Amino acid sequence: MNILGIELRRSAALGAGLITVVVGAGALYVATGRWSSGWMALAMTIREYLLLLWPLALAAGAWQGRREHRAKVGELFTTTARPRAQRMLPVLGAMALTLAVAYLLVTVAGIGWIASTARHLPLLNFAVVTGVGALSLIGAAWLGLGIGRMLPALVTAPALAVAGVLLIFLSVIRLPDWLAAAISPVHGTVPFHAYQTIDNRVSGALAISMAALAAAGLLLFVADGWRTRTAALVPVVLGLVVATAVVPRDEGVLNWPVDPVARELVCTDDAPTVCVSRVNANVLDALTPLAREGLTALAKLPDAPTAVHEDTRTLMSDDVSSPEDGIVRIPVRIDKSGGLAHPAAVVTEVVRGLGVGYDGQCQNRDDVVERAAAYWLLAREPQSDVGVIPGMIEESPEINVEAVALWRGLRELPEDEALDRVTAVRDALRLCTDVTGILSGTAR
């Protein structure tokens with residue numbers, strides 16, 4: 001333990017750990033909105049940032065690995081009776097300990113941000129994803145130690161850092177998904193939906209390959225001759241074979257698996273019912289009055305919806321909602337503080353579509369007509385979606401001008417006739433028929 005303490009003070013281990021904490025925590029807090037939705041989003045984002053942290057650990061190991069060459073004491077140490085492997089264990093331990101602790105400190109920094117808002121904690125998956133991320137840093141550092149000792153040039157460490165970035169990046173975009181999942185620490189970490197996780201089989205395959213790299217680095221670092229160095233290829237080959245054998249082949253499991261518990265709905269006890277996914281349960285109280293305000297506007301229609309649910313369908317799912325099930329489905333977005341993002345858009349999104357929703361199957365949608373009808377229900381003048389609906393950055397200015405003209409025409413009609421026309425638009429949307437011209441025309 002005394003020797004390990006000396007290595008912690010004098011080696012590059014503490015510096016590598018400090019760089020990991022600064023870069024990792026800094027990257028997290030630059031973009032808190034990417035992971036403020038919950039625990040798995042945090043774990044996956046930190047894993048994604050291994051695109052930077054993994055090459056840095058590789059370079060730190062290489063820098064430490066050339067220490068004997070830099071100090072010109074390699075020949076002196078070979079004259080001692082102590083086996084080289086025994087002398088190298090404290091260095092290996094120091095690098096492994098500091099990088100693992102640094103990775104956990106980055107995770108703790110993120111937990112401090114979401115602890116008061118995140119509700120759904122899939123403990124096993126979170127621990128596995130975090131543990132494999134720490135293991136990958138250890139594997140990178142130990143591999144760097146071995147390469148740095150074998151190639152003790154000054155340029156080795158920066159060259160390995162660049163090579164590490166390229167290796168991770170190219171493995172994701174060039175290799176088949178199943179192979180990239182087995183060897184790349186960042187594969188599967190890009191979020192496609194709020195309920196995404198990383199399958200434990202994928203994490204297991206990556207853990208095998210990272211452990212194999214760590215074993216190879218250890219052998220290179222303690223090697224006394226070319227035979228031991230050649231033997232370092234064995235764990236790499238075996239690890240790759242085993243990892244690719246156990247990794248799943250299903251594209252959905254590899255790239256965008258769904259945590260079914262995170263996707264479950266949590267609902268209000270009283271009516272009208274408002275439901276959100278379990279992962280977004282903390283915003284239910286903020287969402288409820290806004291969603292009910294939208295339902296109140298829709299209640300003017302006959303056979304109006306009576307509930308608002310978060311739309312838990314994903315881009316990769318085949319789920320189709322029925323426009324006649326009495327439920328309005330809307331997206332729920334989380335802001336960078338873990339609260340409800342864009343609350344001003346909630347009422348509009350409930351009423352837009354007139355309770356029919358958007359399944360992408362109907363080709364007869366007319367944004368002008370739907371906007372005019374929706375804003376008539378809301379009793380206010382239509383406005384552009386830009387700045388109201390999140391993600392809408394531009395639209396033709398004529399759309400809202402035409403919607404305002406139709407809306408004014410509705411306002412001039414007797415209320416019963418205007419309601420009949422808006423209802424006719426809703427019914428046409430349910431049948432996926434053309435809505436053009438329904439709102440126009442003079443009073444009967």
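Keep in mind the model is a prediction, meaning the values are calculated, not measured.
There is no side-chain donor-acceptor pair under 3.5 Å between Asn282 and Thr117. Inspection of the Asn255 and His187 side chains reveals an N or O donor paired with an N or O acceptor under 3.5 Å.
Here the CD-CG distance, from Glu310 to Leu284, works out to 10.0 Å after rounding to the nearest 0.5 Å. Distance CZ/Arg34 to CE/Met44: 9.5 Å, rounded to 0.5 Å. Atoms CD1 and CG, from Ile138 and Leu143 in turn, are 13.5 Å apart once rounded to the nearest 0.5 Å. Remark: Phe126 CZ to His120 NE2 distance equals 12.0 Å, nearest 0.5 Å. For the atom pair CG of Asp420 and CD1 of Ile438, the computed distance is 12.0 Å after rounding to the nearest 0.5 Å. Between the CG atom of Leu378 and the CG atom of Leu298 there is a distance of 8.0 Å, given to the nearest 0.5 Å.
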> Step by step, would you call Val425 with Leu429 a side-chain contact (heavy atoms from CB on, under 4.5 Å)?
Replying inline: CA-CA 6 Å; Val425 173; Leu429 291 175; 4.3 Å; yes
>> Determine whether Thr436 and Val369 satisfy the following criterion, side-chain contact (heavy atoms from CB on, under 4.5 Å), listing intermediate values before the conclusion.
In response: CA-CA 7 Å; Thr436 305; Val369 173; 5.5 Å; no
>> With side-chain contact (heavy atoms from CB on, under 4.5 Å) as the criterion, how do Val308 and Ile327 come out once you've worked through the C-alpha distance, each side chain's angles and the decisive distance to 0.1 Å?
In response: CA-CA 6 Å; Val308 174; Ile327 297 172; over 6 Å; no
>> One pair to check against side-chain contact (heavy atoms from CB on, under 4.5 Å): Tyr195 and Val261. What are the steps and the verdict?
In response: CA-CA 9 Å; Tyr195 330 107; Val261 179; over 6 Å; no
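Between Glu349 and Arg333 there is a salt bridge, with a side-chain nitrogen of the basic residue lying less than 4.0 Å from a carboxylate oxygen of the acidic one. A salt bridge does not link Asp259 to Arg278: none of the charged nitrogens lies less than 4.0 Å from a carboxylate oxygen. The residues Arg371 and Glu402 are annotated as not salt-bridged, no charged nitrogen and carboxylate oxygen being separated by less than 4.0 angstrom. Using a 4.0 Å cut-off between a side-chain N of Lys or Arg and a carboxylate O of Asp or Glu, Asp250 and Arg201 do not qualify as a salt bridge. Between Arg408 and Glu412 no salt bridge is recorded (no basic side-chain N to carboxylate O distance below 4.0 Å). Under a 4.0 Å N-O distance rule, the pair Arg292/Asp270 qualifies as a salt bridge.
For Thr130 (side chain) and Ala127 (main-chain N/O), no donor-acceptor pair under 3.5 Å exists by modelled atom type. In this structure, the side chain of Ser209 does not engage the main chain of Ala243 through any donor-acceptor pair within 3.5 Å. Checking side-chain atoms of Arg174 against main-chain N and O of Val172 turns up no donor-acceptor pair under 3.5 Å. A donor-acceptor pair under 3.5 Å is formed between the side chain of Trp35 and the backbone N or O of Leu28. Side-chain atoms of Ser36 come within 3.5 Å of backbone atoms of Asp335 as a donor-acceptor pair (strictly under, hydrogens ignored). Gln196 contributes no side-chain N or O that, together with a main-chain N or O of Trp256, makes up a donor-acceptor pair within less than 3.5 Å. Here the side chain of Asn125 pairs a donor or acceptor atom with the backbone of Ile198 at under 3.5 angstrom. Under a 3.5 Å cut-off, the side chain of Ser136 and the backbone N or O of Gly133 do form a donor-acceptor pair. Proximity of a side-chain donor or acceptor of Thr433 to a complementary backbone N or O of Ala428 within less than 3.5 Å is detected.
Residues Pro55 and Val162 fail the side-chain proximity criterion, which asks for heavy atoms closer than 4.5 Å. Using a 4.5 Å heavy-atom threshold, the side chains of Val186 and Arg47 count as separate. Between Leu145 and Val91, some side-chain heavy-atom pair lies under the 4.5 Å cut-off. Counting only heavy atoms from C-beta outward, the side chains of Tyr29 and Thr32 approach each other to under 4.5 Å. Contact check for Pro302 versus Thr423: side-chain heavy atoms found under the 4.5 Å cut-off. Contact of the Thr273 side chain with the Thr306 side chain is not registered, since no non-hydrogen atoms from C-beta on lie closer than 4.5 Å. Using a 4.5 Å heavy-atom cutoff, the side chains of His193 and Val258 are in contact. A heavy-atom distance below 4.5 Å is found between the side chains of Leu287 and Ile330.
Counting heavy-atom neighbours within 6.0 Å of Glu415 CD, excluding the residue itself, gives a total of 12 or less. By the neighbour-count criterion of 12 heavy atoms within 6.0 Å, atom CZ of Phe169 is sparsely surrounded, having that number or fewer from other residues, nucleotides or ligands.
Residues Ala372 and Leu406 approach most closely at CB-CB, 3.7 Å, considering heavy atoms. Taking every heavy atom of both residues into account, Leu439 and Ala373 meet most closely at CD1-N, 4.0 Å. Nearest approach of Leu135 to Ala207, heavy atoms of both residues: CD2-O, 3.6 Å. Residues Met95 and Ala16 come closest through the heavy atom pair CE-CB, 4.4 Å. Listed here is the closest heavy atom pair of Ser440 and Gly437: OG-O, 3.1 Å. Thr312 approaches Ser277 most closely through the heavy-atom pair CG2-CB, 4.2 Å.
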What side-chain donor-acceptor pairs closer than 3.5 Å can you find for residues 102-116, not counting sequence neighbours?
from	atom 1	to	atom 2	distance (Å)
Thr107	OG1	Tyr103	O	3.0
Trp113	NE1	Lys336	O	2.7

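Taking the six-membered ring where the residue is Trp, the centroids of Trp407 and Tyr375 are separated by 6.0 Å or more.
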